[in-house]
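Below, chains carry the letters A, B, ... as their sequence lines are ordered, and counting in each starts from 1. All values below come from the heavy atoms of this structure, side chains included, with hydrogens, waters and symmetry mates left out.
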2 protein chains.
Amino acid sequence: MANKAQDESVTAKLTINDIARMAGVSKKTVSRVINRSPLLNAQTRERVEAIIRETNYVPNPQARALALGRNFLIGMVYDNPNQQMILSMQRGVLEALHDTEFELIVRPVDRGSARVMDDIRGFIVRQRLYGVIILPPLSENDRLAQLCDNEGCRYVRVGSAVLDDNEHMVVSNDRDAVAEAVRHLIQQGHRRIGLIAGPHGFRSAKERRDGFELALAEAGISLPRSLIADGQYTFESGISASESLFDLSPRPTAIFASNDEMAAGVLYAARLRGIQVPEELSIIGFDDTPVTTRVWPPLSTVRWPIMAMGRAAALKIIGVAIGEGGQVSEPSTFSSTLIRRASVAPPSGG
Amino acid sequence: MANKAQDESVTAKLTINDIARMAGVSKKTVSRVINRSPLLNAQTRERVEAIIRETNYVPNPQARALALGRNFLIGMVYDNPNQQMILSMQRGVLEALHDTEFELIVRPVDRGSARVMDDIRGFIVRQRLYGVIILPPLSENDRLAQLCDNEGCRYVRVGSAVLDDNEHMVVSNDRDAVAEAVRHLIQQGHRRIGLIAGPHGFRSAKERRDGFELALAEAGISLPRSLIADGQYTFESGISASESLFDLSPRPTAIFASNDEMAAGVLYAARLRGIQVPEELSIIGFDDTPVTTRVWPPLSTVRWPIMAMGRAAALKIIGVAIGEGGQVSEPSTFSSTLIRRASVAPPSGG
DNA sequence: TTGTAAGCGTTATCAG
DNA sequence: CTGATAACGCTTACAA
């Protein structure tokens, strides 16, 4: 118990003044050590650092925040139906923040609301955020990036197209990945390939669709409008979209769904109709969420490195702060991989 | 642009001094208004409040944190394999925090590490957290609750058994829910029912097992040890656990898996062996995660109100702060519901 | 290279 | 009921 009390005091009560006194220097000197000021006698620095280490002193973030006008908090702003993605992104970010002085504060918003911008501005300004990580599709809003800039808040946008400079952007190349996936279907012999597109207002939906069309065009396969069905990135929309595709005659022999949830919907709808997968229908999804391996047959899909992107986004924001030289250029573009599972096979009829 | 600059100033630059000046009172009076001090002339209060409203003034949280020695941040601490649960819990908490001055800061930890306690203590103390919400199985650690108390940090534990007083606990009654689920199987005519238990060190695993055994005992059904298989709450462990159950002769006609991931594993394993669900095998899971409706057949499961519990946990922490009288007693025990889907049917052989 | 004084925006103390 | 004045713990001038 005595030990415990001691721990507390060590952790909580020590101030910069205590350290200054113990080190026989002024508090400003301690402050300089904390902030890695370059103009400091090496010996002085070491002495102070030693004491800091011994005492386990940690500067009070609230006081720093007040004095600096800036907090050591990173915000993650999002409004995305893909729960798995959000969580993976969080994990990636948290991994990068681990053992730093930064913490992550999560902020779902409603991008439909008339006050989103003001909400986010309020959030950033009030908390004096060090930086924000913006997830798609919110990240596609240039005004939001503007806003961050204006408020002097670092930001990184996560998205599927280059919308900003390197320092502010982490990109997955959805188009190429989908093109590869569709080429795979074509190689297997498929010619009538359906697309379940993502919702308007999602850049990823456009990119994936572009990739789809690209691969078909390359192979000289025409794409009647009827082979494209609109989806909302949800399981239910995947079901209804595939039903319209199933009504076609002849039926597509393969379907690329713009995300896994919808791909799971295709599989479900196929079962309802008694359509065998993959014998009568091949399916490819996108995201590589856990559901792809839970269903039968396991779904082929495109895996994108969500956690790595989250990590990179966080590092872009805190990189300079955690003293990694000046030019830590985190990679900005991440490539995806086609994961082949049992939901794809050559078409049966030919 | 001019408008924009104005907005900024309104949002960011106004201080308590400005308000004091405009209202013709001292800053302390304004402070009293902000903090809902009871000893205040009603007229003065109204005048100040009017100005605050007009100007859109928001007190600087960093300064408040420094002066109060306490931040307006709620921490969520967890180390749980159930990703869906974490996200739902986050959503519930965020719902309660919405439109308050509180923000949520997420903190995954490694409960296996020797330094968990110190990590968490550091987190709480350094950030001067207003409160923490502790998710299972971390919430089952009494020392952790102790620690929060010692550091003067409010806390709420989320769990499946009453481990603390009302003010500090939000509980789901897993045992009863599972008992109900198993009774349902028994009513359908099942007598050889297998259990895939959760991992040791999870109170929920014990509660669910207890509920399972309770229902069997009620019905006078004996439970040979061989009908109980150990799982880890993961899909993979569900597969391997069910394989040992499938090797039994006679085979169980139904399996209760202690969570949905493992239930999905059972279904998967059944498919690999050519066992028809639900004709030859009924399955019930726990959690009602999305996967239950993605697989075929959709899985019966137990739904527990994760979001509502997250909301309640958050309200228990901030309740008094957001001025809801003194005794807002949020409900503490939440009941679960059996969700019947197509994975359950009477046993075929009889 | 280091120290002194002033301030960041609130709240607590303690008179009036 | 209200208001000076001093904290809160740290940083940024500005000196020395």
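- We find that NZ of B/K27 is positioned 10 Å from C1' of D/dA4, with the value rounded to whole Å.
- In this entry the distance linking CG of A/N17 with P of D/dA7 reads 12 Å, nearest Å.
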Margin query: Set out, in order, the CA-CA distance, both residues' side-chain angles and the distance that settles side-chain contact (heavy atoms from CB on, under 4.5 Å) for B/H168 and B/C148, then state yes or no.
Written below: CA-CA 11 Å; B/H168 293 299; B/C148 295; over 6 Å; no
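- Proximity of A/T15 to the phosphate of D/dG9: no side-chain N or O atom is located under 4.0 Å from OP1 or OP2.
- The B/A63 side chain lies nearest to C/dT10 when the options are C/dT2, D/dG9, C/dT10.
- Taking the side chain of B/L68 as heavy atoms from C-beta on, and the options C/dA12, D/dC10, C/dT10, the nearest nucleotide is C/dA12.
- For the residue pair A/V116 and A/D110, the shortest heavy atom distance occurs at CG1-O, 3.3 Å.
- Listed pair A/Y57 / D/dC10 meets the phosphate criterion, a side-chain N or O lying under 4.0 Å from OP1 or OP2.
- Here the closest non-hydrogen pair linking B/T55 and B/I51 is OG1-O, 2.7 Å.
- With C/dG9, C/dC14, C/dG3 as the candidates, the nucleotide lying closest to the side chain of A/R32 is C/dG3.
- The CG atom of B/D18 sits 14 Å away from the C1' atom of C/dC8 (whole-angstrom rounding).
- The base of C/dG9 lies outside donor-acceptor range of the side chain of A/R128, with no N or O pair under 3.5 Å.
- Here the P atom of nucleotide C/dG9 and the CG atom of B/N35 are 17 Å apart, to the nearest Å.
- Per the geometry, CD belonging to B/Q62 stands 15 Å off C1' belonging to C/dT11, to the nearest Å.
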Next item on the list: Show your reasoning for whether side-chain hydrogen bond (donor to acceptor under 3.5 Å, both in side chains) applies to B/Y155 and B/D149.
Entry: CA-CA 8 Å; B/Y155 69 90; B/D149 245 0; 4.5 Å; no
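- Closest to the side chain of B/P59, from the set C/dT11, D/dG3, C/dT10, is C/dT10.
- Comparing C/dG3, D/dC10, C/dT10 by their nearest atom to the side chain of B/A67 picks out C/dT10.
- Here C/dT10 presents its P atom at 9 Å from CG of B/L14, a figure rounded to the nearest Å.
- Residue B/V25 is in sugar-phosphate contact alone, with no base atom involved, counting any heavy-atom pair closer than 4.0 Å across all strands shown.
- Between the CD1 atom of B/I34 and the P atom of C/dG9 there is a distance of 13 Å, given to the nearest Å.
- Within 3.5 Å, no donor on the side chain of B/K28 pairs with an acceptor on the base of D/dA4, nor the reverse.
- With the nearest nucleotide of DNA chain D identified for both B/G24 and A/N60, B/G24 has the one nearer the 5' end.
- Each of D/dC1, D/dC10, C/dT10 was ranked by its minimum atom distance to the side chain of B/N41; first place goes to D/dC1.
- Ring geometry for A/Y130 against A/F102 counts as perpendicular: the plane angle is over 60°, on a 0 to 90° scale with 30° as the lower cut.
- The side chain of B/T29 contributes an N or O atom lying less than 4.0 Å from OP1 or OP2 of D/dG3.
- In this structure, A/R64 reaches the D/dT11 phosphate: one of its side-chain N or O atoms is under 4.0 Å from OP1 or OP2.
- Salt bridge annotation for B/R311-B/E95: present, with a cationic side-chain nitrogen under 4.0 angstrom from a carboxylate oxygen.
- Residue contacts for A/L66: at a heavy-atom cut-off of 4.0 Å it reaches a base atom on one of the strands shown.
- For the OP1/OP2 pair of D/dC10 and a distance below 4.0 Å, the side-chain nitrogens and oxygens of A/S31 include no atom meeting the criterion.
- For the pair A/R21 CZ and D/dC10 C1', the interatomic distance rounds to 16 Å; values are reported in whole Å.
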